[in-house]
Amino acid sequence: AVILAFDVEVSREAREMAKELDIKIFTADIIYHLFDQFTAYMKKVKEDRKKEVELDATFPCVLKILPTCIFNKKDPIVLGVEVLGGIAKVG
């Protein structure tokens with residue numbers, strides 16, 4: 001959770017309670033500065049969460065099967081593909 005405090009003072013008690021509850025407080029006298037602080041924080045949070053689940057998550061990709069590169073049609077299927085979008089990872 002976050003608190004955006006625009007052009008107001010945050011009391012010591014409120015800061016202590018926010019710290020106990022793990023709530024981030026952003027303060028600024030100029031709304032654009034507050035917006036910049038918040039967007040930078042959210043970008044960092046998203047990047048951190050992505051790194052946390054990177055090994056667990058499956059990122060989809062779009063493949064095109066190359067008709068001239070089909071080597072085995074049964075178990076195991078062996079064929080050539082072209083990656084049209086996304087990222088293909090080994091494993």
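Note that the numbering runs from 1 along the sequence shown for the chain.
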**Item:** Of all pairs that satisfy salt bridge (Lys or Arg N to Asp or Glu O under 4.0 Å), the ones with a partner from residues 8-36, not counting sequence neighbours
**Value:**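 The answer is R12-E16.
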Non-neighbouring partners of [X] that pass salt bridge (charged side-chain N to carboxylate O under 4.0 Å, His left out), sequence neighbours left out:
{"X": "D7", "value": "none"}
{"X": "R49", "value": "none"}
{"X": "E52", "value": "none"}
{"X": "K51", "value": "none"}

**Minimum heavy-atom distance between L63 and C61, given as atom pair plus value** =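 Residues L63 and C61, closest heavy atoms: CD2-SG, 3.8 Å.
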**Prompt:** In chain order, what residues pass the side-chain hydrogen bond (donor to acceptor under 3.5 Å, both in side chains) check against K44, with sequence neighbours excluded?
**Reply:**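 K44 satisfies side-chain hydrogen bond (donor to acceptor under 3.5 Å, both in side chains) with D48 only.
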Hydrophobic side-chain clustering at under 4.5 Å (ILVMFWY, transitive links): who's grouped with [X]? Put none if nobody.
{"X": "F6", "answer": "V2, L4, F26, I30, I31, Y32, L34, F38, Y41, M42, V45"}
{"X": "L84", "answer": "V62"}
{"X": "I23", "answer": "I3, V10, M17, L21, I25"}

**Message:** So, using side-chain contact (heavy atoms from CB on, under 4.5 Å) as the criterion, who are the partners of L79 when residues are at least two apart?
**Reply:**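 Applying side-chain contact (heavy atoms from CB on, under 4.5 Å) to L79 gives I65, I70, I77, V81.
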**All pairs passing ring-ring contact (aromatic ring centres under 6.0 Å, His included) where residues 68-89 contributes a residue, at least two apart** =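 Output for this query is empty, none listed.
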